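Following: one structure in structure tokens, then a few remarks.
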Amino acid sequence: MEELHTTREHTRDLPPLPSAERGVVMRFAPNPSGPLHIGHARAAVLNDAYVRRYGGRYILRIEDTDPKRVDPEAYTTVREDLEWLGLDIHEVVFQSDRLDIYYRAGEDLINRGGAYVCTCESERFRELKLARKACPCRPLSIEDNLERWHGMLEGSYVEGEVSVRVKTDLDDPDPAIRDFPAFRIVASPPHPRVDAAVFPLMNFSVAVDDHLLGVTHVIRGKDHIANTERQKYIFEYFGWPMPVYRHYGRMSIEGVVLSTSQMRAGIREGTYTGWDDIRLGTLRAIARRGIKPEAVKKAMLDIGIGETDISFSWDNLYARNRDLVDRIANRYFFVSDPVRLVVKGAASKVSHPLLHPSNPGRGTRTLHFEQTVDVPRVELTGTSFLRLKDLFNIRIAGPNEAEHAGDSLNEARAQRAPIIQWLPAGEQLPCILHTQEGDLLGVCEPAVAGELENVVQFERVGFARIDRSSDGRIEAYFAHR
RNA sequence: GCUGCUAUAGUGUAGCCCGGCCAAUCAUUCCGGCCUUUCACGCCGGAGACUGGGGUUCAAAUCCCCAUAGCAGCACCA
């Protein structure tokens, strides 16, 4: 009888994917610009879930084709974050390793007449595009284009002077589709991993990679709908079959900062302590609070791939986490904003509260009552008749004074006395409980020091992860009630 | 503005493709009660939704039209 109740299992099945019965190849393709946040987790988890369901391969593709948006540290942090999530990644691909592949495909596309090298000023091109008109470079011969293309690769052009464009329907109602760019020159900053100046744009490298890597199904946000249209041109020029796409709706996440640039600025200015500051929406921030990756996964699976815009609910995530953590978290007393009380008329007593109420086999803590206790200040505002949990009843007699009021639990219940947490004056550790709303200063049981990195439940306060224990001081991060 | 997509309770979601079994599922949330030496967990009960308007039909959450709202894209970012 180790577990008195099992975790509820109400993970619904995701909708089936067409032509997936024989297995799928899917990918998660982040830009390495910073750590992953909850928004990334949705894409990463959903794709992972389908690969597990149908069998196949899950590819992590690092999309680092824009040197301006690559943070070298993110190569590591992204991997760490995914490892924490516990996804089944079978293969890792860096797009910066594949520039030659894109160059060959680019040349191929020019040879097929599907692309041209455009030297028009970007403002001029924009005007033509909006007027549905071809730019002067468009009708150039394949030979001329090839010559320009090689010039591009050999460094005859500078940044902004030239780009490779894919020929599309100039009458497409969406101007963003019309002759969209496939390559451009980025002279600075230098790319942290490769020495190159010609880089493919996302739509080109993604289409080429999806095909070459054998990707069969793509699940991504609906901000990519227009990109799917663009990529379709590339697939058609090459005669490749297109993967199956699903575009889920926008997910708004309240209460935390998600923008990488905002986070970075805040960290630099000292507003945030780091990428795991609990006011941020990064995975490392919620990990620090003791929220389990399984809870994140379940919450994301619950949300699914609907096309409707939704608001992410912290409540739902917390409920998932509580399911996981309630069974494992040991219980301890944390007294915030402590008030010292001398209890008159009470003999010394040893108390043995259970580490876990529904699992007595796990053992007890030991607290020695010796006349003086600390209790939370908020408990002193109501009734003067209280019960110290697992000890006895007291009646408040003065500012720092109480008197023993019997041992009867039944009487405490009958009088609806609050049953509160307490700590012996001489048996406690200073403890800071960091919450998103601010820090709570107090004291906790000495045994909490042995729970480093574990999630515990501070009775009547909520679940928290013990983050540090040094110099006899405890630092904990609040997860949820 | 243009192009497109979507619209089920506070939140997420099932049902919609193939109209009747929907007086609409499940979870969460909130409110009662029970249990309990935590305001946790567990158990019981309750509250709470088909965006609006037309149409088709014997019958519409499901099909059609209009309105409204939200969102996405309209970058030499991903």
Side-chain angles (χ1 to χ4, degrees), chain A residues 4-5 8 10-13 15 29-33 63-66 68-70 95 118 120-122 125-126 129-130 159-165 172-178 180-186 199-203 205-206 220-230 247-252 254 298-304 306-320 322-323 325-327 329 331-333 351 353-354 356-359 387-393 407-410 412-413 417-421 457-463 480-481:
Chain A
L4 296 182
H5 36 260
R8 271 167 301 178
H10 26 56
T11 310
R12 252 189 0 276
D13 275 347
N31 168 251
S33 56
E63 306 215 329
D64 55 348
T65 55
D66 182 3
K68 290 179 166 56
R69 292 186 32 136
V70 171
Q95 289 194 316
C118 173
C120 294
E121 212 167 284
S122 60
F125 181 85
R126 190 183 135 79
K129 177 177 73 174
L130 291 176
E159 181 169 337
E161 198 181 4
V162 69
S163 62
V164 177
R165 299 186 178 282
D172 193 294
D174 185 353
I177 305 292
R178 299 173 200 158
F180 66 88
F183 288 90
R184 81 323 199 175
I185 291 173
V186 185
F199 287 93
L201 271 322
M202 174 265 191
N203 281 299
S205 50
V206 163
R220 43 160 38 162
K222 73 177 181 184
D223 44 321
H224 286 292
I225 287 176
N227 290 326
T228 302
E229 284 308 301
R230 288 189 263 224
H247 297 102
Y248 55 74
R250 187 202 145 116
M251 178 166 81
S252 67
E254 287 187 355
K298 283 185 175 169
M300 293 304 157
L301 256 20
D302 219 16
I303 288 168
E307 294 174 64
T308 342
D309 304 319
I310 56 156
S311 3
F312 173 78
S313 161
W314 290 97
D315 268 348
N316 288 342
L317 174 63
Y318 296 159
R320 293 282 179 253
R322 200 178 292 116
D323 265 355
V325 122
D326 184 73
R327 295 177 302 154
R331 270 58 171 170
Y332 294 99
F333 289 152
S351 170
L354 290 169
H356 195 287
S358 44
N359 193 350
R387 180 173 182 85
L388 304 180
K389 187 168 182 286
D390 295 295
L391 196 64
F392 48 61
N393 307 332
D407 291 332
S408 167
L409 176 60
N410 287 339
R413 282 209 171 124
I419 300 172
I420 67 169
Q421 65 274 44
Q457 188 199 53
F458 287 138
E459 298 200 45
R460 292 161 39 88
V461 175
F463 294 94
H480 49 76
R481 291 193 63 93

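Numbers restart at 1 for each chain; the letters A, B, ... are given by sequence-line order, proteins then strands. Computed from a predicted model, the values in this text were never measured in an experiment.
- Rounded to an integer number of Å, the gap from CG of A:Leu201 to C1' of B:A75 is 9 Å.
- Nucleotide B:A78 holds its P atom 7 Å from the CE atom of A:Met202, rounded to whole Å.
- Rounded to whole Å, the separation between the C1' atoms of B:A60 and B:A24 comes to 13 Å.
- Remark: A:Arg322 CZ to A:Gln457 CD distance equals 9.5 Å, nearest 0.5 Å.
- The side chain of A:Pro357 sits closest to B:U38 out of B:U28, B:U38, B:A78.
- To the nearest 0.5 Å, atoms CE (A:Met202) and OG1 (A:Thr65) are separated by 9.0 Å.
- Between the CZ atom of A:Arg481 and the P atom of B:U29 there is a distance of 12 Å, rounded to whole Å.
- For B:C41, one of the phosphate oxygens OP1 or OP2 lies less than 4.0 angstrom from a side-chain nitrogen or oxygen of A:Arg322.
- In this structure, A:Lys298 places its NZ atom 18 Å from P of B:U13, rounding to the nearest Å.
- Using P as the reference atom, B:C66 and B:A72 are 24 Å apart when rounded to the nearest Å.
- One finds a salt bridge joining A:Glu159 and A:Lys68 here, because a Lys/Arg side-chain nitrogen approaches an Asp/Glu carboxylate oxygen to under 4.0 Å.
- Of the P atoms belonging to B:C26 and B:G45, the separation is 12 Å, rounded to the nearest Å.
- Across the strands present, B:C39 finds no partner; the criterion is a Watson-Crick or G-U wobble pair with both atom distances under 3.5 angstrom.
- Shown here, B:G45 forms a base pair with B:C31; the pair counts as Watson-Crick or G-U wobble because both key distances fall under 3.5 Å.
- Across all strands, A:Asn316 comes closer than 4.0 Å to base atoms (heavy-atom distances).
- Here, B:A49 and B:C41 have their P atoms 26 Å apart, quoted to the whole Å.
- Here B:C21 sits opposite no nucleotide as a Watson-Crick or G-U wobble pair (both hydrogen-bonding atom distances under 3.5 Å).
- Across all strands, A:Asn203 comes closer than 4.0 Å to no nucleic acid atom at all (heavy-atom distances).
- Residue A:Asp66 is classed as a sugar-phosphate contact, given heavy-atom separations below 4.0 Å to backbone atoms only.
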Please determine whether side-chain hydrogen bond (donor to acceptor under 3.5 Å, both in side chains) holds for the pair A:Asn410 and A:Arg413, giving the CA-CA distance in whole Å, both sets of side-chain angles, and the decisive distance to 0.1 Å. CA-CA 5 Å; A:Asn410 287 339; A:Arg413 282 209 171 124; 4.6 Å; no

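- Taking the six-membered ring where tryptophan is involved, the planes of A:Trp314 and A:Phe312 are perpendicular, since the angle between them exceeds 60° and thus also 30°.
- If you measure from atom CG of A:Asp302 to atom P of B:C26, you get 14 Å, rounded to the nearest angstrom.
- Across all strands shown, B:C63 pairs with B:G55; the Watson-Crick or G-U wobble distances both stay below 3.5 Å.
- Residue-level contact check: A:Gly160 touches the bases, meaning some heavy atom is under 4.0 Å from a base atom.
- Regarding A:Leu301, its CG atom lies at a distance of 15 Å from the C1' atom of B:C26, rounded to whole Å.
- The side chain of A:Arg69 lies closest to B:A78, out of B:A40, B:A78, B:U28.
- For the residue pair A:Ser313 / A:Asp315, no side-chain donor-acceptor distance below 3.5 Å is found, with atom types taken as modelled.
- Within the structure, a side-chain polar atom (N or O) of A:Arg413 is placed less than 4.0 Å from OP1 or OP2 of B:U37.
- Using C1' as the reference atom, B:G15 and B:C50 are 10 Å apart when rounded to the nearest Å.
- Within 4.0 Å of A:Phe125, counting heavy atoms only, lies no atom of the nucleic acid at all.
- Atom CG in A:Asp407 sits roughly 15 Å away from atom P in B:U37 (whole-Å rounding).
- Using P as the reference atom, B:C22 and B:C16 are 13 Å apart when rounded to the nearest Å.
- Using a distance-only test at 3.5 Å, with no hydrogens or angles considered, no donor-acceptor pair links the side chain of A:Arg387 to the main chain of A:Ala417.
- Atom name P, nucleotides B:U6 and B:C18: the rounded distance is 16 Å, in whole Å.
- Rounded to whole Å, atom C1' of B:G4 lies 14 Å from atom CG of A:Asn227.
- Each of A:Arg481, A:Arg331, A:Lys389 was checked for a salt bridge (Lys or Arg N to Asp or Glu O under 4.0 Å) with A:Glu459, and the lone residue meeting it is A:Lys389.
- Salt bridge status for A:Arg184 with A:Asp66: present, with a side-chain N to carboxylate O gap under 4.0 Å.
- Shown here, B:C16 forms no base pair; nothing in the strands shown gives a Watson-Crick or G-U wobble contact with both key distances under 3.5 Å.
- In this structure, the separation between CG on A:Asp390 and OG on A:Ser351 is 4.5 Å, given to the nearest 0.5 Å.
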Report, as a single string ordered 5' to 3', how protein heavy atoms within less than 4.0 Å touch nucleotides 61-73 of chain B: B base, S sugar-phosphate only, - not at all. ---------SBSS

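- Of the side-chain N and O atoms in A:Ser33, none sit less than 4.0 angstrom from OP1 or OP2 of B:C77.
- Summary of the strand contacts: A:Leu409 and A:Glu307 both lie near RNA chain B, and taking for each the nucleotide with the nearest heavy atom, the more 5' one is attributed to A:Glu307.
- Among the heavy atoms of the strands lying under 4.0 Å from A:Ser311 are primed sugar atoms or P, OP1, OP2 only; no base atom is included.
- Rounding to the nearest 0.5 Å places CG of A:Asp309 at 3.5 Å from NZ of A:Lys222.
- If you find the closest nucleotide of RNA chain B to A:Lys129 and to A:Ile310, the one lying nearer the 5' end belongs to A:Ile310.
- Pair assignment for B:A69 gives B:U6, based on Watson-Crick or G-U wobble hydrogen-bonding distances that are each under 3.5 Å.
- Between B:A75 and A:Arg126, a contact under 4.0 Å exists linking OP1 or OP2 to a side-chain N or O.
- Considering only the side chain of A:Ser163, B:C76 comes nearest among B:C77, B:C76, B:U37.
- Separation of the P atoms belonging to B:U11 and B:C30 is 15 Å when rounded to the nearest angstrom.
- Minimum atom distance to the side chain of A:Thr308 is reached by B:U8, of the listed B:U11, B:U8, B:U38.
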